[in-house]
Participant: 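The structure under discussion is supplied below as structure tokens; questions concerning it will follow.
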Amino acid sequence: MPTLKYPSAQFPGPPSVTVDIPDGWSPVRVPGTLLAARRNDTGGRFAPNVVVRGFTRSGDFTIGRALAELKAYVEDRSDGEMDAPFTLEIESVPFVGVNVSWTDKAVGDVVQAHLFAGARRGQVVDLLQVTGSVGGEQVDVEYDSLQQLMQTVRITR
């Protein structure tokens, strides 16, 4: 009887991901994510955070579909807006990025930066989504440091 193994040459696992978090941030366990971290001392305000999710999708899946799914999510939020997508490369890995925002009754303004990277693996696509979030009165101040943190994302196979 044959034995199947994961990960293996026949069933390789998804890529590995690392993110460098600054002092004052800690890793947090969030169901459905590969990794997540947030700022520790926020004085009761919205905690800036970064979350990395991984998905295995069908071979015909595209980053365009991921962006359409995100747009539908944002349009359901109060004052939801999605900026034009952009491209960037981090450590030779191409990403598609997009910024979104909305108004939350409890938090106020919420701004998220999303980075998507996809890699075809046989008949499937591995999709990584890196999401950084800031909110409340500190949005403008926190956004720049969040962008710097997100640029430390490294994907390896």
Side-chain angles (χ1 to χ4, degrees), residues 13-57 61-121 124-157:
S16 296
V17 181
T18 60
V19 177
D20 298 331
I21 59 173
D23 291 338
W25 283 59
S26 294
V28 291
R29 305 268 315 174
V30 178
T33 67
L34 300 176
L35 57 86
R38 65 181 285 259
R39 182 184 303 267
N40 296 328
D41 184 20
T42 61
R45 296 184 312 270
F46 183 91
N49 63 82
V50 64
V51 175
V52 180
R53 291 180 175 87
F55 307 95
T56 301
R57 298 289 187 101
F61 188 82
T62 65
I63 299 289
R65 252 176 68 195
L67 292 170
E69 290 172 3
L70 178 60
K71 184 174 184 171
Y73 173 82
V74 171
E75 287 178 343
D76 281 345
R77 305 286 170 263
S78 176
D79 301 321
E81 293 183 24
M82 183 168 163
D83 293 347
F86 57 90
T87 59
L88 75 151
E89 196 171 284
I90 302 173
E91 295 285 319
S92 302
V93 174
F95 285 87
V96 174
V98 67
N99 295 313
V100 300
S101 62
W102 64 86
T103 303
D104 181 272
K105 289 180 184 176
V107 174
D109 292 336
V110 174
V111 176
Q112 288 185 333
H114 292 263
L115 298 176
F116 295 93
R120 192 160 305 283
R121 179 171 44 105
V124 299
V125 172
D126 288 321
L127 177 70
L128 287 173
Q129 180 179 0
V130 181
T131 304
S133 302
V134 294
E137 298 171 3
Q138 300 296 315
V139 166
D140 293 335
V141 174
E142 298 286 1
Y143 184 75
D144 288 338
S145 60
L146 181 71
Q147 276 193 319
Q148 291 173 2
L149 182 154
M150 290 179 71
Q151 299 241 353
T152 71
V153 170
R154 302 293 180 260
I155 299 174
T156 55
R157 279 224 160 256

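This one's a predicted model, so the numbers in the text were calculated from it and none came from an experiment. Reckoned from all heavy atoms, side chains included, excluding hydrogens, waters and symmetry mates.
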Participant: Considering non-hydrogen atoms only, spot the tightest contact between A66 and L127 and give its length.
Facilitator: CB-CD2, 4.1 Å
Participant: Among residues at least two apart in sequence or on other chains, which ones pass side-chain hydrogen bond (donor to acceptor under 3.5 Å, both in side chains) with S26?
Facilitator: N40
Participant: Quick one: CG on D104 to CG on D79, what's the gap to the nearest 0.5 Å?
Facilitator: 11.0 Å
Participant: With a 4.5 Å heavy-atom cut-off, do W25 and V19 have their side chains touching?
Facilitator: no
Participant: Apply the test side-chain contact (heavy atoms from CB on, under 4.5 Å) to residues V74 and E81: give CA-CA distance (whole Å), side-chain angles for both, the deciding distance (0.1 Å), then the verdict.
Facilitator: CA-CA 7 Å; V74 171; E81 293 183 24; 5.5 Å; no
Participant: Just by distance, no angles: are the side chains of Y143 and Q147 close enough, under 3.5 Å, to form a donor-acceptor pair?
Facilitator: yes
Participant: Considering non-hydrogen atoms only, spot the tightest contact between I63 and G118 and give its length.
Facilitator: CD1-N, 4.1 Å
Participant: Might you point out which heavy atoms bring A113 and M150 nearest each other, and give the distance in Å?
Facilitator: O-CE, 3.3 Å
Participant: What's the spacing between L67 CG and M82 CE if we round to 0.5 Å?
Facilitator: 4.5 Å
Participant: Between S133 and Q112, what is the shortest heavy-atom contact and its length?
Facilitator: OG-NE2, 3.0 Å
Participant: Apply side-chain hydrogen bond (donor to acceptor under 3.5 Å, both in side chains) to R53 and list each qualifying residue two or more places apart in sequence or on a separate chain.
Facilitator: none
Participant: Once you round to the nearest 0.5 Å, how far does CZ of F61 lie from CZ of R120?
Facilitator: 11.0 Å
Participant: Report yes if the side chains of V110 and T103 come closer than 4.5 Å at any heavy-atom pair, otherwise no.
Facilitator: no
Participant: If you define the side chain from C-beta out and look only at heavy atoms, does anything of F86 sit under 4.5 Å from N99?
Facilitator: yes
Participant: One pair to check against side-chain contact (heavy atoms from CB on, under 4.5 Å): L88 and L115. What are the steps and the verdict?
Facilitator: CA-CA 9 Å; L88 75 151; L115 298 176; 3.6 Å; yes
Participant: Between V30 and N49, is a side-chain contact (heavy atoms from CB on, under 4.5 Å) present by the stated rule, with each step listed?
Facilitator: CA-CA 11 Å; V30 178; N49 63 82; over 6 Å; no
Participant: Atom CD in E75, atom CG in L70: separation rounded to 0.5 Å?
Facilitator: 10.0 Å
Participant: Nearest 0.5 Å, please: how far is CZ in F116 from OG1 in T87?
Facilitator: 14.0 Å
Participant: How about CD on E69, more than 12 heavy atoms from neighbouring residues, nucleotides or ligands closer than 6.0 Å, or not?
Facilitator: yes
Participant: Output the distance between atom CG (L35) and atom CZ (R29), rounded to the nearest 0.5 Å.
Facilitator: 10.5 Å
Participant: Taking the side chain as every heavy atom from C-beta outward, state whether I21 and T152 have any atom pair closer than 4.5 Å.
Facilitator: no
Participant: Could you walk me through whether V153 and T18 satisfy the side-chain contact (heavy atoms from CB on, under 4.5 Å) test, starting with their C-alpha distance in whole Å, then the side-chain angles of each, then the deciding distance to 0.1 Å, before giving a yes or no?
Facilitator: CA-CA 6 Å; V153 170; T18 60; over 6 Å; no
Participant: List the atom of R39, the atom of T42, and the distance in Å for their closest heavy-atom pair.
Facilitator: O-CG2, 3.8 Å
Participant: For Q138, what residues pass the side-chain hydrogen bond (donor to acceptor under 3.5 Å, both in side chains) criterion, not counting sequence neighbours?
Facilitator: none
Participant: What are the two closest heavy atoms between V93 and A117, and how far apart are they?
Facilitator: CG1-CB, 4.2 Å
